[in-house]
Student: 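Mind having a look at this structure? Questions to follow.
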Amino acid sequence: MSETLHAVSVEVNGKPRSAQVPARLSLVDWLRDDLLLTGTHVGCEHGICGACSVMLDGEPVRACLMYAVQAHGHRVTTVEGLAKPDGSMSVLQDSFCEAHGLQCGYCTPGMLIAAQGLLNTNPDPTEAQIRDAIGGNLCRCTGYQQIVEAVQLAAERTAKEAK
Amino acid sequence: MTSFRYIGTKRRAKEHPRFVSGRGRFVADIALPGMKHVALVASPHAAARIVSIKTDAARAAPGVLYVLTGEEFCANTDSLAIGVDAPKVTRFALARGVVRYAGEWVAAVVADSRALAEDAAERVEVEYEPLPHVIDPEAALAPGAPLVHPAHGSNLLYHRKFVWGPVEEAFASAEHRIAFRAVWGRSATVPIETFGVAAQWDAGTGILDIWASIQMPKFPDQAARALRLPGNAVRVHYDVDVGGSYGVKRGIKHTVLVGYLAKKLGVAVRLIEDRLENLRGGDMQGPDRFFDMQVAFGADGVIRAMKIRAVDDVGAYAGRSPFQLGKPVTAICGPYAIGAIEYEPISVMTNKTPQEAVRGFGQSPTNFAIERAIDRAARHLGMDQVELRKRNFIRKDQFPYTIPSGSTYDSGDYHGVLDETLAAIDYGSLVRARDEARRSGRLAGIGISSCLEPSGGNSAFEVLMNPKNENTTWMDSCLVRVDLSGAITGVIGNSSAGQGHESLVSTVLGEILERDPETIRVVRADSLTALPSNSPVGSRMAIMLGGAAAGAAKTIKETLIAIAAHNFECSPEDLEYRDGSVNVKGAPSKEFSWDQLVEIAHRKFHKLPPGIEPGLQAKFVWEVPTGGALPTPEGRIQIYPCYAFEAHVVLVEIDPDTCKPAIRKYLCGHDCGVMINPDIVHGMTYGGIAHGLGAALYEKFAYTEDGQLASGTFMDYLIPSAMEVPAMAIVDHCTPSPLTTFGQKGSGEAGYLGAPAAIANAVNDALAPLGASIDTLPMSHLAIWNAIGARKGAAST
Ligand code: FES
Ligand code: FES
């Protein structure tokens, strides 16, 4: 029994990627195992922890709940795609380092995606809006406090840079 | 207090850049050439005899390389270590003959991909004959209960009654006595990364290489022993990032299984648990314990004696879990000067998933029980709970203070920390806010807890609980190298799960050597090249790895001074060390620079003093301070060396219609001595509080009557999110430890040790006006609703 393969073409972190994949292959497995973008993590494979979050056309989604074939024709951004064009850390990534918004780093890629998704549409969020935006991402290390502070810091810095 | 250059300052963690850029190296990121994948066949029964296993269909499935069952596996490997003296309670990764809990692994399928392995696992046909099972620990102790391990003869793993001091006399003469039962629900740390391991056998060298998501003392030794290999045939790589652990990432059974398969099949093999395998069969559930508490005290609120009977359900196998009843011996009276204690730990087996080490190693449940007792005693007397605590706290001038069970607390200022915490939260206005909420018809309560975090990881509970065990050595170590370019590298022998050990070691080396920690690299040896370590357990690394790094750095510094003294033909006392250079005191121009000294050490043997090794490296291996002793016949022993203190104050409101509790204010006063990196300490404390919030209100491995785990997903096992965890604040206080290099104490379990107690006390305060109370965790909405309903029911009859 060999599985039927389907063609997918996806823009991943700005680069076109094409492959033949089985229908049941999840987006996160395709990104991690085939494209070797191992920054995106797997925590539950049932849509609760958010560790697998990536952006699909700019919106955070759970890559464990999507099949790779569903991403056909879309744009995917993973944590590897968050850096500035010169490869240096984005304001948000740098703010996570500055505010100690992580410990083991396992939930971090998903947190960054969720927070960047928020900042893209709401550059000056309240604490409640930040908590709401990361409310679908579980972190067992930080108690969220310094993650919230990191997102606040990133918003402040971005506002300053824009001035 | 000594002032430091780098210690205690705000410093970014060295580890962060790789994680925020997606360049962490977790076990699931390691792709070995030709690697095969494992899926597991798990028992659907809590107890059953395995009648037959048919693997033909699975073996014939696409991409399948092998199907392993317990018959073969158990014949070719040895049992995992059993902590207490119960030699018949053997444990293997795959069941042979019988299964003892639902989810226990029965067979392992190896295939080209995880998906194909899962497909084939469904084709393994196992015929079972169900056997009677027991889920409740009290029922398991009753005569005639089904035996989890018949060869052991009973379900009792460990039982002893310790009496330290004149307990009965104190109870007989005390003016007041209370008795109640406090129940700690079965929860665990449940990291977001499940356990994973990859292994590869090199037939050419005869070495089994292992990459695993581990936090475990003696892991390589135990893996080698179970695999019947010499220790030097197993090489565990510590440069694997661990995605959270907080105690549970032991995975020794997984590792022996995968190691066996890799060696037998001659291919690289990997097992990454899925979430169900993790929650149900990963053997990572935590303490499941009830406490029968009795307290004797005077009308003045002073506690005369306490009796604690603790019954802990470890599940179907022993491992190290009974020891989680032993560590609390080291802080059995909490921060209170209680002169007489009776402690009766009882460890019981049932047909549940085995228990593993959880943050605090049994201390948080014990603190919860003690703090519920304090709260109840205050209510009994109508005394303010702050006042009662203060009347019982060990005073600042009483340290070092030896408690009845034989451990000496190093230092502390419990009155000071509690006062500062109450001042910072403005306790008066907190009380007004609670009363205001109550007047407007809401349920509101204030909870306080004050408790200890024993730190330093001296696991002397092993010798206390197992007379055949004489392990009194819990060293850690560090190797420091200065290369020819003058760059400094610290080498450590453990993996890390978010504790920031690279930041810790670079800061300490920078502090002693007066070099910028930014320029210092920290790398991880593997188990064949590493100096001995006991891994980051028991809040030990700031003390033990920090102390070892400092010790090695001091040797480097002494070597540099000796080289300069030799070349200046003077005595080391005439020299001073500044920023890595050495000059003659009072003559700054008579100086050897860092680079010059390094070059002499590496290249100019003719300029080296006699007796100094060429090259520039130093190792330091450190035994735990105050460690190394065996217990007295009454079971008195010094277990941990250092004792951090925390005081939690929390305001909880409960929605009267849904009974949903919400935290309105949370403040934690914390004294862990000198903080090496305050951001890291605060982060672990916040995380510990959030974890404690989960244990207090949400998290439970629930079992149905027929022994099935009812919380096998994150929809049933409820980890608090940013919506449940409130904004928190921490008040720092510093009472240095006299036992450690810089005055530091441990803090890896901070927050978790006091949060469940404080939240439980707050919920009870909220329920008090209704006359209701609750002493069982987790205090779920439903449990609170039932407690209120029971009270209303009682009132209406
Ligand atoms: S792995 Fe996708 S939500 Fe948990
Ligand atoms: S940083 Fe470890 S799970 Fe969030």
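Letters go in sequence order (proteins before strands), and every chain restarts at 1. These figures come from a predicted structure and were not determined experimentally.
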Student: Examine whether an atom of A:Val42 lies under 4.5 Å from a heavy atom of chain B, and if so say whether it belongs to the side chain, the backbone or both; otherwise answer neither.
Tutor: backbone

Student: Of the backbone (N, CA, C, O) and the side chain (C-beta and beyond), which part of B:Thr685 lies under 4.5 Å from a heavy atom of chain A, both, or neither?
Tutor: neither

Student: Identify the two heavy atoms, one from A:Arg24 and one from B:Asp119, that lie closest to each other, and give their separation to 0.1 Å.
Tutor: NH2-OD2, 2.8 Å

Student: Checking A:Tyr106 against chain B: side chain, backbone, both or neither under 4.5 Å from a heavy atom?
Tutor: both

Student: Contact part of A:Asp29 toward chain B, heavy-atom cut-off under 4.5 Å: side chain, backbone, both or neither?
Tutor: neither

Student: Less than 4.0 angstrom from a charged side-chain N to a carboxylate O is my criterion; do B:Glu699 and A:Arg140 meet it?
Tutor: yes

Student: Considering only heavy atoms, which portion of A:Ala51 lies under 4.5 Å from any heavy atom of chain B: side chain, backbone, both, or neither?
Tutor: side chain

Student: Counting only heavy atoms from other residues, nucleotides and ligands, does the tally under 6.0 Å from CD of A:Glu127 exceed 12?
Tutor: yes

Student: Please state whether the side chain, the backbone, both or neither of A:Arg32 comes within less than 4.5 Å of a heavy atom of chain B.
Tutor: side chain

Student: Does some side-chain heavy atom of B:Phe19 sit less than 4.5 Å from a side-chain heavy atom of A:Cys104?
Tutor: no

Student: Do the non-hydrogen side-chain atoms of B:Thr713 and A:Ile48 ever get within less than 4.5 Å of each other?
Tutor: no

Student: Go through the atoms of B:Ile192 and report whether side chain, backbone, both or neither lie under 4.5 Å from a heavy atom of chain A.
Tutor: both

Student: Considering residues, nucleotides and ligands other than B:Lys665, do more than 12 of their heavy atoms fall under 6.0 Å from its NZ?
Tutor: no

Student: Looking at B:Arg114 and A:Asp33, is there a salt bridge between them, counting it only when a charged N and a carboxylate O are closer than 4.0 Å?
Tutor: no

Student: Counting only non-hydrogen atoms closer than 4.5 Å, can you tell me which residues of residues 24-34 of chain B sit against chain A?
Tutor: B:Phe26, B:Ala28, B:Asp29

Student: Roughly how far, to the nearest 0.5 Å, is the OH atom of B:Tyr666 from the CD atom of A:Gln145?
Tutor: 12.0 Å

Student: What heavy-atom pair brings B:Phe714 and A:Gly43 nearest, and what distance separates the two atoms?
Tutor: CE1-O, 4.2 Å

Student: So how far is it from A:His100 NE2 to B:Ser503 OG, rounded to the nearest 0.5 Å?
Tutor: 8.0 Å

Student: Which heavy atom of A:Glu98 sits nearest to which heavy atom of B:Lys10, and what is that distance?
Tutor: O-NZ, 2.6 Å

Student: Which one, B:Glu193, B:Met723, B:Arg23, B:Arg12, leads in non-hydrogen pairs under 4.5 Å with chain A?
Tutor: B:Arg12

Student: Heavy-atom pairs under 4.5 Å with chain B - which of A:Glu45, A:Gln103, A:Met111 has more of them than the others?
Tutor: A:Gln103

Student: Counting only heavy atoms closer than 4.5 Å, note whether B:Asp274 contacts chain A via side chain, backbone, both or neither.
Tutor: both

Student: If we only count heavy atoms from C-beta on, is the B:His682 to A:Gln146 side-chain gap below 4.5 Å?
Tutor: yes

Student: To the nearest 0.5 Å, what is the distance between NE2 (A:His46) and CZ (B:Arg275)?
Tutor: 7.5 Å

Student: Where does A:Leu138 contact chain B at under 4.5 Å (heavy atoms): side chain, backbone, both or neither?
Tutor: both

Student: Taking the side chain as everything from C-beta on, heavy atoms only, tell me whether B:His16 gets closer than 4.5 Å to A:Gln93.
Tutor: no

Student: With a 4.5 angstrom heavy-atom cut-off, is it the side chain or the backbone of B:Tyr752 that approaches chain A, or both, or neither?
Tutor: neither

Student: Got a sec: does the OH of A:Tyr67 have more than 12 other heavy atoms crowding it under 6.0 Å?
Tutor: no

Student: Given heavy-atom pairs under 4.5 angstrom as the criterion, report whether the side chain, backbone, both or neither of A:Thr108 touches chain B.
Tutor: side chain

Student: Which of residues 725-732 of chain B have a heavy atom under 4.5 Å from any heavy atom of chain A?
Tutor: B:Val725, B:Pro726, B:Ala727, B:Met728

Student: Which atom names give the shortest non-hydrogen contact between B:Pro17 and A:Cys97, and what distance separates them?
Tutor: N-SG, 4.2 Å

Student: At what distance, to the nearest 0.5 angstrom, does OG of B:Ser21 lie from CG of A:Asp94?
Tutor: 11.5 Å

Student: Which bit of A:Asn137 is near chain B, if near means a heavy-atom gap under 4.5 Å: side chain, backbone, both or neither?
Tutor: neither

Student: Show the nearest heavy-atom pair for residues B:Val20 and A:Val79, with the distance to one decimal.
Tutor: O-CG2, 3.5 Å

Student: Please state whether the side chain, the backbone, both or neither of B:Leu693 comes within less than 4.5 Å of a heavy atom of chain A.
Tutor: neither

